[in-house]
Amino acid sequence: MPTPAPDLVSDLASITFASPGQRLDRAYARRPEMAQLATLPETRTVALSEGRIAVALDADKRLCRWHRSRLAGLDPIETVFLGLEDESPLLATDLGPLTEEQAQALLGEHVKFIDLRSISPELSALDAEIAATARALLGWHARHRFCSVCGAPSGIEDGGWRRRCPACGATHFPRVDPVVIMLVTREDHVLIGRQKGWPPGLHSLLAGYIEPGETPEDAVRREVMEEAGVPIGRVDYLASQPWPFPSTLMIGYRAEALDWPLLVDPVELEGAEWVSRAEMARVLAGDHERLASPRRDAIARSMLAAWVTGEVAGF
């Protein structure tokens, strides 16, 4: 078995946004109290600006710590209750477009709004969960301001975990889109694919949305057949990952390929291929001449690394 690179993440328990450790107390029973919680001196707020997260930087402009602010006078229509952190209420709000000068005036000199994808691997399990929850929940509100039943403007309720239409009374809850992602193996090879528009060389595991009336296992078999023409036998669950871009739940499976030939759908994929374990180790180590691996915070990389190191057996 090939020796993995020193920084190779192989533990499926270390998946970004899903790692074990201190977790957020979502305190669902206190969600209706958000208006009162917002006035408490111990309450802190995670600030976002157009989906970017406020982080504290040191003097050298490096990520120093996760930033939580004491913001007064928040608009309750644009604020959500995330839960309790060390028994203190934690809110989240998107402040809209801000210049760097406006952000510093509001939050302090060493605070900057940064895209979550650029810092997510550096966050603790708690900070990653908080960031993912804040970004996904506020993003859902930004895209669902109107009732899908009658079209009237809807309003936030239950601390931001529900919207209600005052015109027809319909209730709407934050949605999560389930996606299956598949570690498809046969003997000592894994199936990877590439979509159009991806960065040069980037390949990853096949994935796709679960359709209405479909189980995740059925979705695994359907997606692999549709995209690569490979029949699938056994399907086993591996791990999952909340992916807040905008609000997806990645559900990872290992799947048994029953045959080798590929019939790639050019609409779904630019290409697909079988890669050996030894070659995938080089891809993950970053020294392959043609193939590039998924990003560090993607569940696809963790699944591939687990297979390369033998943590997860193939079929």
Heavy atoms of other groups near Tyr209 OH, more than 12 under 6.0 Å: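 Count not over threshold, so no.
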How about OH on Tyr237, more than 12 heavy atoms from neighbouring residues, nucleotides or ligands closer than 6.0 Å, or not?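 Atom OH in Tyr237 is packed in, count exceeds 12.
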Side chain [X], main chain [Y], donor-acceptor under 3.5 Å:
| X | Y | answer |
| --- | --- | --- |
| Gln241 | Thr16 | yes |
| Arg145 | Gly155 | no |
| Arg163 | His144 | yes |
| His203 | Gly201 | yes |
| Glu226 | Glu223 | no |
| Ser19 | Ser14 | yes |
| His141 | Gly160 | yes |
| Arg44 | Pro41 | yes |
| Gln102 | Thr99 | yes |

Stepwise side chain to side chain contact (heavy atoms under 4.5 Å, CB included) check, Leu183 with Leu205: CA-CA 6 Å; Leu183 181 77; Leu205 299 177; 4.1 Å; yes
As an exercise, state the distance from [atom1] of [X] to [atom2] of [Y], rounded to the nearest 0.5 Å.
| X | Y | atom1 | atom2 | answer |
| --- | --- | --- | --- | --- |
| Arg186 | Asp259 | CZ | CG | 5.5 Å |
| Met182 | Leu206 | CE | CG | 5.5 Å |
| Ser118 | Arg52 | OG | CZ | 10.5 Å |
| Glu85 | Glu129 | CD | CD | 10.5 Å |
| Leu137 | Trp161 | CG | CH2 | 5.0 Å |
| Thr39 | Gln36 | OG1 | CD | 7.0 Å |

Decide whether a cation-pi geometry holds between [X] and [Y]; the criteria are a distance under 6.0 Å from NZ or CZ to the six-membered ring centre and an angle within 45° of the ring axis.
| X | Y | result |
| --- | --- | --- |
| Arg30 | Phe81 | no |
| Arg277 | Trp307 | yes |
| Arg254 | Phe315 | yes |

Minimum-distance pair of heavy atoms, taken over all atoms of [X] and [Y]:
| X | Y | value |
| --- | --- | --- |
| Ala38 | Thr43 | CA-CG2, 4.4 Å |
| Ala125 | Pro20 | CB-O, 3.5 Å |
| Pro244 | Ala136 | CB-CB, 4.1 Å |
| Ile53 | Ala131 | CD1-O, 4.5 Å |
| Arg221 | Ile232 | NE-O, 3.7 Å |
| Phe113 | Ala103 | CE1-CB, 3.6 Å |

Consider side-chain contact (heavy atoms from CB on, under 4.5 Å). Of Asp188, Leu291, Val190, which one does Met280 pass it with?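 That would be Val190; it is the only one of Asp188, Leu291, Val190 passing the side-chain contact (heavy atoms from CB on, under 4.5 Å) with Met280.
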Checking Glu187 against Trp260 for the side chain to side chain contact (heavy atoms under 4.5 Å, CB included) test, could you report, in this order, the C-alpha distance in whole Å, the side-chain angles of both residues, the deciding distance, and whether it holds? CA-CA 10 Å; Glu187 297 180 6; Trp260 292 102; 3.6 Å; yes
Is there a donor in the side chain of [X] and an acceptor in the side chain of [Y], or the other way round, less than 3.5 Å apart?
| X | Y | value |
| --- | --- | --- |
| Ser120 | Asp297 | yes |
| Asp218 | Thr215 | yes |
| Asp86 | Gln22 | yes |
| Thr133 | Arg26 | yes |

Heavy-atom side-chain contact between [X] and [Y] under 4.5 Å:
| X | Y | answer |
| --- | --- | --- |
| Tyr253 | Val180 | yes |
| Trp140 | Ser247 | no |
| Leu284 | Arg301 | yes |
| Val312 | Met303 | no |
| Glu256 | Thr185 | no |
| Ile130 | Leu90 | yes |
| Leu95 | Leu48 | no |
| Val230 | Leu262 | yes |

Assess the residue pair Arg194 and Glu273 against the criterion (salt bridge (charged side-chain N to carboxylate O under 4.0 Å, His left out)); give the C-alpha distance rounded to whole Å, side-chain angles, the decisive distance to 0.1 Å, and a yes or no. CA-CA 9 Å; Arg194 171 178 170 79; Glu273 59 187 280; over 6 Å; no
Can a salt bridge be assigned to the pair Glu100 and Lys112 using a cut-off of 4.0 Å between side-chain N and carboxylate O?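 Looking at Glu100 and Lys112, the cut-off is not met.
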Less than 4.0 angstrom from a charged side-chain N to a carboxylate O is my criterion; do Asp25 and Arg23 meet it?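 No, Asp25 and Arg23 are not salt-bridged.
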Restricting to salt bridge (Lys or Arg N to Asp or Glu O under 4.0 Å), what partner residues turn up for Asp177, sequence neighbours left out?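 Here the qualifying residues are Arg175.
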Give the intermediate values and the outcome of side chain to side chain contact (heavy atoms under 4.5 Å, CB included) for residues Ile210 and Ile251. CA-CA 10 Å; Ile210 300 175; Ile251 311 173; 4.1 Å; yes
Sequence neighbours excluded, which residues qualify as ring pair (Phe, Tyr, Trp, His ring centres under 6.0 Å) partners of Trp198?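 Expected list: none.
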Using the test side chain to side chain contact (heavy atoms under 4.5 Å, CB included), find all partners of Glu42 that sit at least two apart in sequence or belong to another chain.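 Applying side chain to side chain contact (heavy atoms under 4.5 Å, CB included) to Glu42 gives Leu40, Ser88, Pro89.
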Single-linkage hydrophobic cluster [X]~[Y], side-chain heavy atoms < 4.5 angstrom:
| X | Y | value |
| --- | --- | --- |
| Val264 | Val184 | yes |
| Met250 | Leu116 | yes |
| Val176 | Val179 | no |
| Leu138 | Phe17 | yes |
| Leu249 | Trp243 | no |

Decide yes or no on salt bridge (charged side-chain N to carboxylate O under 4.0 Å, His left out) for Arg31 and Glu157, but give the supporting numbers first. CA-CA 9 Å; Arg31 291 172 180 175; Glu157 289 188 347; over 6 Å; no
Output, in order, the C-alpha distance, side-chain angles, deciding distance and verdict of side chain to side chain contact (heavy atoms under 4.5 Å, CB included) for Thr93 and Leu91. CA-CA 7 Å; Thr93 190; Leu91 311 180; over 6 Å; no
